[in-house]
Amino acid sequence: MDNELAIVARGLRKAYGKNVAVAGVDLEVRRGEVFALLGPNGAGKTTTVEILEGYRRRDAGEVSVLDSDPAAPAASWRNRIGIVLQGVGEFDELSVSELVHHFAGFYADADDPEKVIARVGLAGKARARTHTLSGGQKRRLDVALGIIGRPELLFLDEPTTGFDPEARREFWQLIRDLAAAGTTIVLTTHYLDEAEALADRVGVIAGGRLIEVAAPEHLGNRQQAQATVSWRTPEGLTESTESATPTELVTELATRFGGEVPGLTVTRPTLEDIYLKMIGHR
Amino acid sequence: MTTTLKPATAARAAGHQPGPLALALRQGRLELTQFLRSRESVVFTMGFPVVMILIFAAVFDGEIAPGVSYPQYFITGMIATGLMTVSFQNLGIWIPIERDRGVLKRYRGTPMPKWVYFAGKVIMVVVISVVETALLLAVSVAVFDLQLPGTATKWLTFGWVSVLGITACTLCGIAVSSLARTSRSGSAVVTPIALVLQFTSGVFFVFTELPSWMQQVAALFPLKWMCQGLRSVFLPGAFAGQEPGGSYELGRVALVLAAWCVIGLLLCLGTFRWTTRRDG
């Protein structure tokens, strides 16, 4: 069956003994979209993703990933999936090039290893043994191994942890390129700016449940949130007012101060503010 | 095919993936490359049996029986020990490390068939075994005039005893790797097993000089039978009279080693874990 949904999960549950990690998650990811899963540590994020990746078995619920049940992963299904793991030095004695070439051999329609190495920015390190790479370079190698099979669906688990700001921007561009080429991407992240920069939709997971799914700009009714206008009074105190019409308020203030308003700021809640509020209420 | 292939699927079908044999050979090459590049494991795995036989030859001077020197007797135990080190100990120690580091998890996330991982290990074990045994024999011939088997039949026996022994030890090494909970505990699990078997199976002592209960316990495990099979290769036929059973019992050697291959395989299939317990 051809389906415009890459992932469908209904009533997904998983417990480890008495500890319920995933308590009924319903999730849909469309083909071609970038979906970010946010949530605090221990919220059930990793368990959910690992069930979708075919690494773990669920206790209950229905799951379909690229029209197959990931609990019984076939090689033909694995051919279409890419997984970027958080690996550290698993193949110390091999070079970047050897490793990427080797993994290319597992896929029916692998990409050109040299091209992939260049794409993740490791061309200068192709002959280096992996144990000589920096933390950020190792993550790029993880990405190279995740995309070498030209996946239709790519899972990224906290992909930019340990990256410097410049490397992160480069990495974001790589993700955008993959998305533009039609790859469906599911990423988990701790960085809200990353979710905002990359994701078409964001799912927030807390306490084993998906508490909201929305576009980053709409999360937690963010677009309707009131702006906060602050300024300094002639007595030197800071005054703040929440306002649905901040421009009107600023105009009024300008009239009152006869021009420049001292210490004026107009802010709207960041994704981080919204997110912290959401998970704080759990 | 009754369904229509989507363009993407059609393109995939056109791509060429290595066949099973090529996959196994590639994996074997990768394993060997990794082994050869970790210098400590090369030196210790290759060097251990050679050092041991040199020590034994220096300590025990003389003959066990007319025409049978001590080194000629102990070479059989050293060959068997070497084979067990390369297969059983090597895998029992390394697989938990690979599991802990996420190597196995990484392979599981690819379309690589599971058996390819084991095939790679087997190829590595076989190649190292051959090189290591050849080195041991070469040193022994050079240093204390070891007499190599003189007939094709003996070489054939050498061959099948080694193949069955390596197979049994490899499978048991893979099986025992699942007992280790962390990367650090692999050698704690494997080393005592190996040492106890070496002391009770006639590697360090003349087997018939051991207490009979110890001989009987050792007879439950493969190492004793590997040593016995190799004695039939390196010792004169007349020496067979000194074996516990009054002969080299090659039929029983084959039977016990084959049984351990089956036991090892069943244990592997039933217990092998691709992830750590922490991973669930």
Side-chain angles (χ1 to χ4, degrees), chain A residues 1-2 14-17 19 21 46-47 50-51 53-57 66 70 73-95 98-99 101-111 129-131 141-142 145-146 148-152 155 157 182, chain B residues 3-20 22-42 94 97-117 120 183 274-280:
Chain A
M1 188 182 74
D2 207 355
K14 174 79 185 177
Y16 303 109
N19 173 27
T46 303
T47 301
E50 290 198 338
I51 290 170
E53 289 168 341
Y55 277 134
R56 276 173 210 264
R57 286 172 175 272
L66 297 182
S76 56
W77 180 79
R78 286 259 176 242
N79 247 315
R80 301 161 63 200
I81 305 262
I83 299 172
V84 175
L85 291 167
Q86 290 196 60
V88 269
E90 299 133 75
F91 300 92
D92 280 355
E93 305 301 336
L94 299 174
S95 74
E98 286 169 332
L99 197 53
H101 272 96
H102 189 74
F103 272 72
F106 294 147
Y107 294 89
D109 183 32
D111 214 336
R129 300 275 168 91
T130 62
H131 68 89
L141 178 57
D142 291 333
L145 295 179
I148 186 67
R150 289 205 250 190
E152 285 170 48
F155 291 99
D157 190 11
Chain B
T3 51
T4 318
L5 289 175
K6 286 178 292 177
T9 321
R12 278 168 203 286
H16 40 80
Q17 204 171 2
L23 269 178
L25 291 176
R26 278 170 49 103
Q27 192 67 25
R29 199 182 60 191
L30 190 86
E31 294 283 1
L32 270 172
T33 308
Q34 293 190 86
F35 174 81
L36 292 175
R37 283 185 190 166
S38 55
R39 213 168 294 153
E40 319 85 294
S41 48
V42 176
W94 269 103
I97 293 175
E98 293 198 331
R99 184 184 293 120
D100 215 41
R101 286 186 179 176
V103 173
L104 301 188
K105 188 176 183 184
R106 174 133 11 226
Y107 284 132
R108 276 293 300 282
T110 75
M112 180 193 86
K114 289 181 191 174
W115 64 265
V116 171
Y117 175 72
S183 59
W274 290 84
T275 50
T276 60
R277 279 169 218 259
R278 272 179 322 215
D279 283 345

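A, B, ... follow the sequence lines: proteins, then strands. Residue 1 opens every chain.
- Remark: Leu85(A) CG to Arg108(B) CZ distance equals 12.0 Å, nearest 0.5 Å.
- A pairwise comparison of heavy atoms in Ala75(A) and Pro111(B) identifies O-CB, 3.6 Å as the closest pair.
- Under the 4.5 Å side-chain criterion, counting only non-hydrogen atoms from C-beta, Arg37(B) is not in contact with Asp92(A).
- Taking CZ of Arg39(B) as the reference point, atom CD of Glu93(A) lies at 9.5 Å (rounded to 0.5 Å).
- If you measure heavy-atom distances from Phe103(A) to chain B, the contacts under 4.5 Å come from both the backbone and the side chain.
- Counting only distance, with no hydrogens or angles, the side chain of Arg26(B) and the backbone of His102(A) share a donor-acceptor pair below 3.5 Å.
- Taking all atoms of both residues into account, the shortest heavy-atom contact from Gly109(B) to Tyr107(A) is O-OH, 4.1 Å.
- Residue contact with chain B, scored on non-hydrogen atoms closer than 4.5 Å, involves the side chain of Leu145(A) exclusively.
- In this structure, OG1 in Thr33(B) is found 6.5 Å from CG in Leu94(A), a value given to the nearest 0.5 Å.
- In this structure, Arg106(B) pairs ionically with Asp142(A), as a charged nitrogen and a carboxylate oxygen lie closer than 4.0 Å.
- Residue Arg57(A) does not touch chain B at all, counting heavy-atom pairs closer than 4.5 Å.
- Using a 4.5 Å cut-off between heavy atoms, Glu98(B) makes no contact with chain A at all.
- A salt bridge between Glu50(A) and Lys105(B) is present, with a side-chain N of the basic residue lying under 4.0 Å from a carboxylate O of the acidic one.
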